Protein chains: 2
Amino acid sequence: MSPPQAARLRRTLHERGMRMTPQRQLVLDAVRELAHATPEQICQHVRRTASTVNITTIYRTLELLERLGLVRHTHLGHGAPFYSADEHEHVHLVCHRCGQVIEVPCTLLDGLGALLDSELGFQLDASHLALSGICRDCGAEEEQK
Amino acid sequence: MSPPQAARLRRTLHERGMRMTPQRQLVLDAVRELAHATPEQICQHVRRTASTVNITTIYRTLELLERLGLVRHTHLGHGAPFYSADEHEHVHLVCHRCGQVIEVPCTLLDGLGALLDSELGFQLDASHLALSGICRDCGAEEEQK
DNA sequence: ATAATTGCAAACAATTTGCATTCAG
DNA sequence: CTGAATGCAAATTGTTTGCAATTAT
């Protein structure tokens, strides 16, 4: 499923005197398979294959993979952050009525990004953030009342 | 400093069979004075006047004030949320290099809001979440390297 | 051997809950 | 008196740290 990624990870680790381990492989695979998951969810998934992996290792590995640029995390408001593979860039819209998370392409924020840059010199990182609001379904429900 | 707010709070509470208390008054004042503060910071501030107020009461009061529409909170990424008075609307830009928080008017997101609404029926609440990126200063430092 | 990695238990931070006490109407 | 509000302690959740045991080179 992710042989090129595994190879890339192995190489990057080796360059820095670090080691490829089954745990690291499994965490990276889990992040890619689950698409957006919290450390806890990633841990559950990894444990289906290797039941003894500790949550501490999940945290340490996620931090490592993030430093290496292979994964990224986003805070969706409350609680635990969500991790996803680095290539999988998108903006998250969170409905604060029902909690649903909608992914939209980062290009939707191009206009805003350009505006913030020209006005304030702020370079927006669209994929790290979440926007909150009310989704279509909840908005419709609201109107019916 | 906030007599009209206090009156409004008292009235709103009374309508719902709830009571105005010194704690509620102090929490509301603290939120307005501190502009953006975490529950912990609000607690410190309130304790300068009433040293026995418990942090649990701070949490409960913030939740209440938010339900009543007098305050709102924003997640700036990691850790505790920040509370501010409802009228004080703005978008938060967080630099993920230096951690600086910049406030900008919500109107900067009007274009994006309209776009999300027409494309997805999503009603953006610009003031509830933060946008992340690199601020001007950190961007400049980056270039010098 | 020796250095990296892991697991485990304990510490920590932020928040919530249950419950007995206090207090205002 | 009665229900609302508070304080306190304990439970929960998410995360980090210290350290000893394990493992790859």
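Below, read A as the first sequence line, B as the second, and so on, with proteins coming before strands; counting in each chain starts at 1. This structure is a prediction, so every number in the text was calculated from the model and none was measured. Computation of the quantities below employed the complete heavy-atom set of this structure, encompassing side-chain atoms and omitting hydrogens, waters and symmetry-equivalent molecules.
OP1 or OP2 of dT15(C) sits under 4.0 Å from a side-chain N or O of Tyr59(B). Residue Thr21(A) has no polar side-chain atom (N or O) positioned under 4.0 Å from OP1 or OP2 of dA24(D).
The separation between Leu13(A) atom CG and dA24(D) atom C1' is 13 Å, rounded to whole Å. His73(A) places its NE2 atom 12 Å from the C1' atom of dT15(D), with the value rounded to the nearest Å. Spacing between atom CZ of Arg16(A) and atom C1' of dT25(D) amounts to 20 Å, rounded to whole angstrom units. Summarising the geometry, the separation between CG on Leu62(B) and P on dT16(C) is reported as 10 Å, rounded to the nearest angstrom. Counting to the nearest Å, the C1' atom of dG25(C) and the CE atom of Met20(B) are 16 Å from each other. Distance CZ (Arg10(B)) to P (dA4(D)): 18 Å, rounded to an integer number of Å. His14(A) places its NE2 atom 14 Å from the P atom of dA24(D), with the value rounded to the nearest Å. Leu64(A) has its CG atom 13 Å from the C1' atom of dT6(C), to the nearest Å.
Contacts of Pro22(B) with the nucleic acid, taken as non-hydrogen atoms under 4.0 Å apart, are absent. Using a 4.0 Å heavy-atom criterion, one finds that Gly79(A) contacts no nucleic acid atom at all.
Here Glu63(A) pairs with Arg67(A) in a salt bridge; the nearest charged N to carboxylate O distance falls below 4.0 Å. Of the charged side-chain nitrogens involved, none lies within less than 4.0 Å of a carboxylate oxygen, so that Arg136(A) and Glu119(B) do not count as a salt-bridged pair.
The number of heavy atoms from other shown groups lying within 6.0 Å of CZ (Arg47(B)) is above 12.
In the interface, the side chain of Arg19(A) is paired with the base of dA3(C) through a donor and an acceptor atom under 3.5 Å apart.
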Apply side chain to side chain contact (heavy atoms under 4.5 Å, CB included) to the pair His45(A) and Leu26(A), showing each step before the final yes or no. CA-CA 9 Å; His45(A) 191 266; Leu26(A) 288 167; over 6 Å; no
Review item, nucleotides 7-12 of chain C N/O atoms under 3.5 Å of protein N/O:
residue, atom, partner, partner atom, Å
dG7(C), OP1, Gln23(A), NE2, 3.4
dG7(C), OP2, Asn54(A), N, 3.3
dG7(C), OP2, Thr57(A), OG1, 2.7
dG7(C), N7, Arg60(A), NH2, 2.8
dG7(C), O6, Arg60(A), NH1, 3.3
dG7(C), O6, Arg60(A), NH2, 3.2

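Using modelled atom types and a 3.5 Å distance limit, the side chains of His73(A) and Glu66(A) yield a donor-acceptor pair. Side-chain polar atoms of Asp125(B) and Ser127(B) form a donor-acceptor pair below 3.5 angstrom. In this structure, a donor-acceptor pair under 3.5 Å is present between the side chains of Glu103(A) and His36(A).
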